[in-house]
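Structure record follows, encoded as structure tokens.
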Amino acid sequence: MSRKPFELAGVSVAPGSRKQIDVPVARLYTHTPLHIPVEVIHGRQEGPVLLVCAAIHGDEINGVEIVRRLLGARQLERLRGTLMAVPIVNVFGLVQQTRYLPDRRDLNRCFPGSEKGSLGGRIAALFRQEIVDQATHVIDLHTGAIHRTNLPQIRTLLDVGSETQAMAHAFGAPVIINSDLRDGSLRHYAQSRGIPVLTYEAGEALRFDEWAIAPGVRGVLRVMRKLGMLSGDKRHRTPQAAEVANSSGWVRAPIDGILCPRTRLGVRVAKGDVLGHVAGPFGNDESAVLATTDGIVIGMTRLPLVNEGEALFHIARFEAIEEAESAIEGFQSSLEPPPDSLY
């Protein structure tokens with residue numbers, strides 16, 4: 001029995017074919033229409049329906065490049081199941097190079113949305129109805145916020161023995177954050193429907209970070225092999241096992257001033273270690289920024305101008321910190337070429 005075509009936004013995609021579909025979303029003030037671009041690859045054989053999406057926050061563009069490279073992968077010619085690839089969800093934000101929608105709402109706090117709600121609610125409802133509800137699995141691609149950078153990491157809600165856990169470990173990021181769900185997020189909505197979902201966080205907003213992009217592409221392909229959508233490839237080395245952090249927290253600026261960091265992403269720190277100094281422009285009123293816990297730096301600010309209380313260094317806490325440190329070192333050494341640092 002032949003496989004049925006895949007339907008999205010009124011467009012039919014035949015088995016063994018791929019098609020780019022523009023889903024109408026809204027109009028600019030000039031009455032110019034905007035669309036959410038989707039590429040559907042519909043395999044000849046049955047299998048999962050995987051959604052890979054990026055730029056729910058419009059300034060987080062590493063994921064846009066990950067999706068572009070993913071769609072060029074030759075392995076997809078033998079795809080089992082269906083891939084829905086959405087490089088840009090928040091088209092308004094991308095055009096304006098901002099995280100938010102024109103009404104200053106965060107699209108990733110608007111799910112499941114409403115057809116009669118705000119602009120954010122309407123876009124979330126459209127994306128949910130046309131795309132998300134058809135998926136059996138989701139990978140959502142993110143970066144740090146503006147002027148912040150993140151060590152490559154998976155954020156998900158782990159249940160021992162679950163498909164989500166298997167996907168998270170298959171991805172190959174050095175760190176997995178067992179993260180609570182946030183109301184209104186895509187991850188919260190998908191999880192509530194029983195859809196396994198991963199959030200990949202890596203790099204900085206409005207930047208292309210190769211050390212975040214290349215592992216992201218490899219990670220998505222690994223998950224697709226784990227799901228049986230792609231054939232296994234013995235040429236691909238199994239990544240070192242990731243370590244799970246069950247908690248994390250930010251170290252904040254003790255005073256207003258100029259930050260001089262003394263650490264970088266991926267570095268192991270102990271409680272009381274000096275992470276940097278904040279001082280006035282004349283070097284007066286200097287204050288050390290001290291680690292508040294043992295752990296590994298998984299995120300940090302890139303802007304040296306700080307106000308008291310501002311988040312500076314994100315530290316993840318691990319039960320097996322030596323293994324986490326080893327996983328990060330293995331990840332960094334696998335990058336081609338390896339970076340001088342991840343800052």
Side-chain angles (χ1 to χ4, degrees), residues 36 38 48-60 62-64 66-67 83-90 93 99-101 105-114 120-121 123-145 148 150-160 162-173 175-203 205 212 216 219-220 222-224 226-227 242 244-248 298-299 314 316:
I36 295 177
V38 186
V49 179
L50 174 65
L51 167 62
V52 180
C53 61
I56 282 183
H57 296 134
D59 58 358
E60 298 184 1
N62 275 331
V64 178
I66 290 172
V67 173
L83 173 66
M84 296 186 292
V86 186
I88 307 160
V89 179
N90 182 359
R99 178 184 182 91
Y100 301 107
L101 293 163
R105 282 183 167 84
D106 184 335
L107 181 55
N108 208 30
R109 299 294 180 270
C110 293
F111 287 90
S114 169
I123 294 175
L126 173 72
F127 187 63
R128 167 180 59 82
Q129 294 166 358
E130 296 288 355
I131 299 169
V132 179
D133 286 350
Q134 299 208 62
T136 60
H137 304 76
V138 175
I139 300 176
D140 186 20
L141 305 171
H142 286 261
T143 75
R148 286 185 185 173
N150 282 334
L151 181 79
Q153 60 197 258
I154 289 292
R155 295 185 186 178
T156 191
L157 185 62
L158 293 176
D159 292 318
V160 176
S162 68
E163 195 166 22
T164 302
Q165 184 186 51
M167 290 170 61
H169 284 282
F171 194 98
V175 171
I176 299 171
I177 310 295
N178 191 9
S179 176
D180 290 336
L181 301 171
R182 290 194 174 184
D183 290 344
S185 67
L186 171 61
R187 188 160 68 93
H188 183 274
Y189 172 73
Q191 203 87 26
S192 71
R193 288 180 54 85
I195 301 172
V197 54
L198 304 181
T199 297
Y200 175 62
E201 290 265 1
V220 174
R222 288 190 186 112
V223 171
M224 294 178 74
K226 183 68 176 179
L227 296 176
V244 177
N246 289 312
S247 63
S248 66
I298 62 168
H314 193 193

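Hydrogens, waters and symmetry mates play no part in the numbers below; they use all other heavy atoms, side chains included.
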- Message: Please determine whether side-chain contact (heavy atoms from CB on, under 4.5 Å) holds for the pair H169 and V244, giving the CA-CA distance in whole Å, both sets of side-chain angles, and the decisive distance to 0.1 Å.
- Response: CA-CA 9 Å; H169 284 282; V244 177; 4.3 Å; yes
- Message: Using the rule given for side-chain contact (heavy atoms from CB on, under 4.5 Å), can you reason through V52 versus V86, listing the C-alpha separation, both sets of side-chain angles and the distance that settles it, and then say yes or no?
- Response: CA-CA 6 Å; V52 180; V86 186; over 6 Å; no
- Could you go through the side-chain contact (heavy atoms from CB on, under 4.5 Å) check for F127 and D133 one step at a time? CA-CA 9 Å; F127 187 63; D133 286 350; over 6 Å; no
- Query: Should V197 and T164 count as side-chain neighbours, where that means a heavy-atom distance under 4.5 Å?
  - Reply: no
- Task: To the nearest 0.5 Å, tell me how far R105 CZ sits from R99 CZ.
- Result: 15.5 Å
- Task: Supply the atom-to-atom distance R128 CZ to R193 CZ, rounded to the nearest 0.5 angstrom.
- Result: 8.0 Å
- Query: Is a donor on one side and an acceptor on the other found under 3.5 Å between the side chain of Y189 and the backbone of C110?
  - Reply: no
- Item | R155-Q153 side chain donor-acceptor pair, cut-off 3.5 Å | yes
- Message: Looking at R109, is its backbone amide N or carbonyl O close enough to the side chain of D183 to form a donor-acceptor pair, meaning the two atoms are under 3.5 Å apart?
- Response: no
- Query: Less than 4.5 Å apart, any side-chain heavy atom of N90 and any of E60?
  - Reply: no
- Task: Please check if the side chain of N150 supplies one atom and the backbone of P152 the other of a donor-acceptor pair under 3.5 Å.
- Result: no
- Roughly how far apart are T136 OG1 and I195 CD1, rounded to 0.5 Å? 8.0 Å
- Student check: side-chain heavy atoms of I66 and Y200 closer than 4.5 Å: yes
- Task: Check whether any side-chain heavy atom of D159 lies under 4.5 Å from a side-chain heavy atom of Q165, and answer yes or no.
- Result: no
- Item | Flag side-chain contact, heavy atom, 4.5 Å: L198 against V138 | no
- Query: How about L186 and C53: do any of their side-chain heavy atoms sit closer than 4.5 Å?
  - Reply: yes
- Message: If you apply the rule side-chain contact (heavy atoms from CB on, under 4.5 Å), what do you find for L158 with T156, and how did you get there?
- Response: CA-CA 6 Å; L158 293 176; T156 191; 3.4 Å; yes
- Message: Does any part of the side chain of R187, heavy atoms only, come nearer than 4.5 Å to the side chain of S179, both counted from C-beta?
- Response: yes
- Just by distance, with hydrogens left out, do D140 and H142 show a side-chain donor and acceptor under 3.5 Å apart? yes
- Message: Do N108 and H57 have side chains that approach each other closer than 4.5 Å (heavy atoms only, starting at C-beta)?
- Response: yes
- Task: Using the side-chain contact (heavy atoms from CB on, under 4.5 Å) rule, pick out the option among N62, V67, V89 that qualifies with L141.
- Result: V67
- Enter the distance from L126:CG to I36:CD1 here, rounded to the nearest 0.5 Å. 5.5 Å
